[in-house]
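Notes to accompany the following structure.
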Amino acid sequence: MTGQAKLRSSSDRGTQRAPSSGTVLILGATSQIARAIALSFANAGYDLVLAGRTPDELERVAADIRIRRAADVRTETFDASDTESHQEFVARVLADCGHALAGVIVVFGLLGDSERARSDFSHAEEIIRINYVGASSVLTHLASHFEQAGHGFIVGVSSVAGDRGRASNYIYGSAKGGLSLFLQGLRNRLHSRGVQVLTVKPGFIDTRMTFGEVPTRLAADPEVVGKAIVKAVKKRKDVIYVPWFWRYIMWVIRLLPEFVFKRTNL
Amino acid sequence: MRTPLSGWGRYPVGISEVHRPERLGELKVPLQSSGSAIARGLGRSYGDASFNSSGCTVLTERLNRFLDFDPSTGALECEAGVTIGEILEYFIPRGFVPPVIPGTKFVTLGGALACDIHGKNHHKDGSFGRHVIDFSLLTADGELVHCSRDENVELFRATVGGMGLTGIITQLRLRLIPIEDPRVVVDYDRAKDLDRALELFHESDERYKYSVAWIDCVGGGRRGLGRSVLMRGNPATGSEAAVLRPEKRRGISVPSTAPSFLLNRGSIRAFNGLYYRKHPRQARGVLSGYESFFFPLDGIRNWNRLYGRSGFFQYQAVLPYDDGRDGLVKMLELLRKSGPGAFLAVLKRFGSGNPEAPLSFPMPGYTLAADVPRRGSAVLDLLSRLDEIVIDLGGRVYLAKDARTSPGAVRAMYPHLESWLEIKSRFDPANRLGSDLARRLELLP
Ligand SMILES: Cc1cc2nc3c(=O)[nH]c(=O)nc-3n(C[C@H](O)[C@H](O)[C@H](O)COP(=O)(O)OP(=O)(O)OC[C@H]3O[C@@H](n4cnc5c(N)ncnc54)[C@H](O)[C@@H]3O)c2cc1C
Ligand SMILES: NC(=O)c1ccc[n+]([C@@H]2O[C@H](COP(=O)([O-])OP(=O)(O)OC[C@H]3O[C@@H](n4cnc5c(N)ncnc54)[C@H](OP(=O)(O)O)[C@@H]3O)[C@@H](O)[C@H]2O)c1
């Protein structure tokens, strides 16, 4: 039928994608930020492996992306805090997609309860374990793959909180700061091998992490993060802030001398 | 977080604790806390149905995942926060449209089911609930219950049109309608008065899948009471699409920048007159996109703010065909004489009602919907007098639009309310699900 043919060929954001450019592994794929990242990469023509610790939720996110983007999406169970399992996890993913693995994006993280983390070290340890230890563990296993492959990208979602230690959330901040340094080192190691390492530092993003804490109008839509990362990967950037103006906010915050900063209430 | 909330009419306003779950598991949290809860989609109901100032309001917008689609049957399964707009965006290219399309695309499927919404095709295809295969409902006791026409039938019936008061709908399956072309072929007819409009409806409505009329509630003079522009169409077929000419943009839209003081009787009258005359007496075969045909107002975000801080009412009622014409005349005369001016009003013919759903609004008859700015106390009197006309003729008002009617009036309008209340009290004896509307209309037994 001519009508049907017309429908299929009409321009459409929903189902028309760029030709496949390989597979992207997203770690911690059940958050709103991860979902936005996944949708943006699917739009850019990548197939996806979504990994996370809650299988039902993972399946829902995957089904949604398959329908919205007509992308090939698989799911894998992954627990960031169970570092023992990471080597096997990475081996399994590589066995599945091998050289098609174009890149990996670490999105999982834990803000935790900063009040509690001040005095309850087991909680502080959990925050450090997920944001820093978990991320550096899984990236260690993946780095050697990319180093050998000689191409690809590694993206870590860190935070502006890692740019300076603040009274309000320094446990989370120090773990994210550690992650930023880890990514920086990895970038310098892998640069000569042609592998891009991108550090992403979001400011306030409108997710459950900030809902009720930050006025919604000050928090950016998660979509902004997805789009920014796709663009930064394309342009082979090193460090991005999202939204972009956080670069300047953090520049000012980092410039404040310690004797001033310690008197502020940030 | 506690925050002020209101419906699309911006009146009334209630302060509510707000939750916004992002995962299915997080949905249970608000139901576990003390006090009552109500789901809120995009807040496009006009009054106080979508918030709860004596407990919490659960925003469903982040639970909007498509789950499954079967192109051979058109069955789409998705979470309740998916919107009509998203279905159009992703499924028109695949050759499908939602079975019922309301006047705005910013409506969630949860809201569509809870209000059993109707579209321009009601006279042909009935209301939203008819096209729903099944759904999952998080009930007052925190259980996730599967409801269909075979399973948990009473909950199924009480939830369709149940204004969110039986639980939170988490996901549903509905049947989409196949189309051949992403456009509608529209015929326009100007009717010089109400009688001519009704005549046209009766003569030829059955030839159109989609039918609605814009009706002038302020002008028209003595002889032109209820002058209208009928807009009726059918989905374009492949062969039509090849020969018909696309719609030329008609040079009029709702003024988007007008400050609210400009919205007075005079300007409203002028706008309506212009709108009427801008349409040709008759036009045939105009090809129109789904969005421009169904959502003429969506181009102007937040047009509801035009009415200013005090907000507005939308009065929508249905009158049975018997004596319906005389009832409409009385309503139009009242609106014209004592109203502060109804800016936008719509007239449509309904087909048969939804026998499955005791609180469903549509019934065979004429439905009139008119925006009435909330100015002065006379407005409330006017609307109560409209209620009397409606009750007198055996009609009813639409709860999704209501912000001011009374418990007594609703009981006179909805003959099956008692049976609905009985189901509600059985499944939610402690009234864990409640909204400001439910308290105002005493729907919490
Ligand atoms: C411009 C405009 C045009 C409109 N045109 C039409 C029309 O043509 N036909 C028509 O029928 N209606 C129409 N409406 C009304 C609108 O379709 C309904 O009010 C619809 O319910 C709004 O959906 P929502 O997602 O915004 O729901 P809300 O307004 O947020 O909620 C409406 C009701 O649904 C309940 N609800 C929402 N989500 C859930 C859920 N997940 N589980 C349980 N209950 C839930 C709420 O508790 C509340 O009682 C129109 C509204 C506007 C603003
Ligand atoms: N929102 C902001 O303003 C903001 C700002 C800066 C940085 N960030 C960072 O952005 C990322 C996403 O955050 P978000 O705002 O979208 O909040 P979020 O929903 O809380 O995201 C956290 C994600 O990490 C996952 N996760 C936690 N522990 C895990 C574990 N042990 N194993 C596997 N996955 C685990 C969570 O999985 P479950 O779904 O299973 O819980 C969830 O998907 C985080 O790294 C966060 O630090 C956010």
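Less than 6.0 angstrom separates the ring centroid of A:F78 from the ring centroid of A:F108.
Annotation: cation-pi pair B:K120/B:F293 present, NZ/CZ under 6.0 Å from the ring centroid and within 45° of its normal. For A:R92 and A:F89, the positive end is not near the middle of the six-membered ring at less than 6.0 Å and at most 45° from its axis.
If you measure heavy-atom distances from A:P222 to chain B, the contacts under 4.5 Å come from the side chain alone.
For the side chain to side chain donor-acceptor pair (under 3.5 Å) condition, the pairs that include at least one residue of residues 210-225 of chain A, sequence neighbours left out, are A:E223-A:K227. The list of salt bridge (charged side-chain N to carboxylate O under 4.0 Å, His left out) pairs with a residue in residues 233-243 of chain B, not counting sequence neighbours, is empty.
Residue-environment remark: NZ (A:K231) stays at or below the threshold of 12 foreign heavy atoms within 6.0 Å.
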Do B:Y210 and B:F294 pass the ring-ring contact (aromatic ring centres under 6.0 Å, His included) test, and can you show the C-alpha distance, the side-chain angles, and the key distance before you say yes or no? CA-CA 10 Å; B:Y210 300 114; B:F294 285 95; 4.8 Å; yes
Stepwise ring-ring contact (aromatic ring centres under 6.0 Å, His included) test for B:F96 and B:F91: CA-CA 5 Å; B:F96 289 91; B:F91 288 91; 7.2 Å; no
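The candidate with the highest count of non-hydrogen atom pairs below 4.5 Å against chain B, out of A:D206, A:I65, A:T30, is A:D206. Annotation: maximal heavy-atom pairing with chain A below 4.5 Å, among B:E79, B:R23, B:E86, occurs at B:R23. Between chain B and the options A:R35, A:R66, A:R208, heavy-atom pairs under 4.5 Å are most frequent for A:R208.
You'll find the side chain of B:L174 reaches within 4.5 Å of the side chain of B:P99, heavy atoms only.
With no hydrogens or angles considered, a side-chain donor-acceptor pair links B:N52 and B:S36 at under 3.5 Å.
Note that the OG1 atom of A:T264 and the CD1 atom of A:I253 stand 8.5 Å from one another [nearest 0.5 Å].
Chain B is approached within less than 4.5 Å, heavy atom to heavy atom, by A:E57, A:R60, A:V61 from residues 48-61 of chain A, ordered by number. Listed in order of number, the residues of residues 54-69 of chain B that approach chain A to under 4.5 Å between heavy atoms are B:L59, B:R62, B:N64, B:R65, B:F66, B:L67, B:D68, B:F69.
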